[in-house]
Number of protein chains: 2
Amino acid sequence: MTPTFPADVTQVGLAVDVAAFAMHAGELRVLLVQRGELPHARDWALPGGLVRGGEELHEAALRVLHTETGVELEPRHLEQFHTFGEVGRDPRGRIVSVAHLAVLPHGTVEVSSGGHTLGAEWLSAHRPPPLAFDHRSILDRALTRLQLRLEYANLALEFLPDTFTLPELQGVHEAILDRPLDKRNFRKRLLAQGILTPSGERRVGVGRPAQLYRRAKSARAAAL
Amino acid sequence: MTPTFPADVTQVGLAVDVAAFAMHAGELRVLLVQRGELPHARDWALPGGLVRGGEELHEAALRVLHTETGVELEPRHLEQFHTFGEVGRDPRGRIVSVAHLAVLPHGTVEVSSGGHTLGAEWLSAHRPPPLAFDHRSILDRALTRLQLRLEYANLALEFLPDTFTLPELQGVHEAILDRPLDKRNFRKRLLAQGILTPSGERRVGVGRPAQLYRRAKSARAAAL
DNA sequence: ACAAAAGTGTTAAGTGTACACCCATGT
DNA sequence: ACATGGGTGTACACTTAACACTTTTGT
């Protein structure tokens, strides 16, 4: 039975934090901001901020992403994955944060300092710098969820442009799982899922040109 | 980057709701309270309430469970699984609720009306009565999570007393999954996991007595 | 012709699933 | 002896993982 009104309790602040991922230089990167204020001034942190009164949680996530990093593009995937509410997690008071996982397509590189941060950068997701507050555990949990989503949904496609080659797709999987995969097994498995259609085009590069694929017109997989 | 202080925003209320499950009469039941106040007076709802300032989320979950249903016992399992924050979900204002999944052992039957509710009862989890607010979707999601946890962790054991028979354990699985399971395959799978040890005792009943088992001394499985 | 990256099949092991009869006890 | 529920094994389909060479292109 949800709340009694009016509240007989001290108020609790509600925030969102966003772990936004993208591929850069063949590596999985997470979008971090360098804090310009105490506490944790000059430390890296996930973009985040308080939720406004009439604002949906996912809207708040998009807003802080935009204002703190300048990222314009709609994420291809946005999903809350855990709520962090430990009493001592923020020295400024009782703040409960709904953590979100976002995936941005390759190409969304440009980030600009915004708000009261010193800057924003894409940094290694698996080997991040020290992070403010409890953001390291938020990031760790985001990575776990991202890895889980690779298998169920086909989240890897969201990291790539409309057309892509199988080696590129395999690279995304390897970057997310942080381990190498067998080429033949990977191709077999992906093609068997029937979610890819060859575009007919090929991508020329250093070696043999690769077939380009795009995602077949079909629905996405189930949620958790 | 977590919140800027002081907040330039309307405050948002933070609550917890609890979907507490137990077995009764061979059926999976969820603990519901009948609301005594508007809105949704006389409708069934999940136990829930506002989080207090210095209180951890799981503490709040235990508190509302206790005060609204009289359930004393510590749940064998307590886990947050999703945060429901849609703007219109509560007509009284902007309330964001962190939903929790709880498992109570068989035997925790007694519930008493508490607080401002008309009463509390264990009702069918798969075929619940109409629920207040968005509690039906919260319950549905709790069920999905519970089913998921059956495979990964061995959450079914938490529904049973210290010693139990394999048919009893299978009954818990079937009640949670809401479908029958093959006896031989079930036993094979469970015994292969090596998490059960025969207690030597047997339970006499109508037919052939069943071997009693208890959980082996070993750790629990990983989180999601 | 060489370097570089794409592409291609087979085998073995393990896992999941379907399925039917005998056993131990109480009445 | 019969009713009731407990306990047992095997065969097939499918999935997963390991493994090395050939093909296509540019230089």
Side-chain angles (χ1 to χ4, degrees), chain A residues 23 25-27 106 147-148 150-152 154 156-157 160-161 163-214 221-222, chain B residues 23 25-27 106 147-154 156-157 160-161 163-214 221-222:
Chain A
M23 292 291 298
E27 194 190 32
H106 193 71
Q147 291 172 345
L148 191 85
L150 255 201
E151 320 183 23
Y152 280 84
N154 286 86
L157 298 180
L160 293 170
T163 64
F164 50 87
T165 67
L166 279 179
E168 283 166 358
L169 184 57
Q170 181 175 348
V172 174
H173 280 250
E174 291 177 332
I176 291 173
L177 297 174
D178 201 24
R179 65 184 166 88
L181 297 174
D182 181 274
K183 203 194 329 182
R184 283 169 290 190
N185 293 337
F186 178 80
R187 302 169 77 91
K188 210 184 315 170
R189 192 158 50 80
L190 265 285
L191 293 175
Q193 286 180 242
I195 56 170
L196 302 183
T197 51
S199 77
E201 308 285 306
R202 293 187 308 162
R203 166 155 309 160
V204 293
V206 180
R208 170 175 176 174
Q211 177 62 249
L212 282 168
Y213 291 83
R214 67 179 76 249
Chain B
M23 291 292 298
E27 194 190 33
H106 192 72
Q147 291 172 345
L148 190 87
R149 284 284 180 269
L150 255 200
E151 321 184 22
Y152 280 84
N154 285 86
L157 297 180
L160 294 169
T163 64
F164 50 87
T165 67
L166 279 180
E168 282 166 358
L169 184 57
Q170 181 175 348
V172 174
H173 280 250
E174 290 177 332
I176 291 173
L177 297 174
D178 201 23
R179 65 183 166 88
L181 297 175
D182 181 273
K183 204 196 324 185
R184 283 168 291 191
N185 294 337
F186 178 80
R187 301 169 79 91
K188 208 187 316 170
R189 192 158 49 81
L190 264 286
L191 292 175
Q193 286 180 244
I195 56 171
L196 302 183
T197 51
S199 76
E201 308 286 306
R202 291 189 307 163
R203 166 157 309 161
V204 292
V206 179
R208 171 175 174 174
Q211 177 62 249
L212 282 169
Y213 289 84
R214 67 179 75 251

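A, B, ... follow the sequence lines: proteins, then strands. Residue 1 opens every chain. Quantities reported herein were computed from a predicted structural model and do not represent experimental measurements.
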Open item on the list: From the set dG7(C), dA18(D), dG6(D), return the single nucleotide nearest to any side-chain atom of Pro167(B).
Closed with: dG6(D)
Task: OP1 or OP2 of dC19(C) under 4.0 Å from side-chain N/O of Arg184(B) - done: no
Open item on the list: Tell me whether the count of non-hydrogen atoms from other residues, nucleotides or ligands lying under 6.0 Å of CD in Glu201(A) goes above 12.
Closed with: no
Open item on the list: What is the separation between atom CZ on Phe186(B) and atom P on dG7(D), rounded to the nearest whole Å?
Closed with: 12 Å
Task: Given DNA chain C, 5'-ward residue of the pair Val206(A) and Arg187(A), judged by closest heavy atom - done: Val206(A)
Open item on the list: Starting the side chain at C-beta, find the nucleotide from dA17(D), dT17(C), dG6(D) nearest to Ala210(B).
Closed with: dG6(D)
Task: Residue whose nearest DNA chain D nucleotide is more 5′ - Thr165(B) or Asp182(B) - done: Thr165(B)
Open item on the list: If I take atom NZ in residue Lys188(B) and atom C1' in nucleotide dG9(D), what distance separates them, rounded to the nearest angstrom?
Closed with: 8 Å
Task: Leu166(A) vs Arg208(B), nearer the 5' end of DNA chain C by closest nucleotide - done: Leu166(A)
Task: Side chain Glu27(A), main chain Ala175(A), donor-acceptor under 3.5 Å - done: no
Open item on the list: Determine whether Val172(B) and Leu150(B) satisfy the following criterion, side chain to side chain contact (heavy atoms under 4.5 Å, CB included), listing intermediate values before the conclusion.
Closed with: CA-CA 10 Å; Val172(B) 174; Leu150(B) 255 200; 5.6 Å; no
Open item on the list: For Glu168(B) and Lys183(A), find the nucleotide of DNA chain D closest to each by heavy atoms; which residue's nucleotide sits nearer the 5' end?
Closed with: Glu168(B)
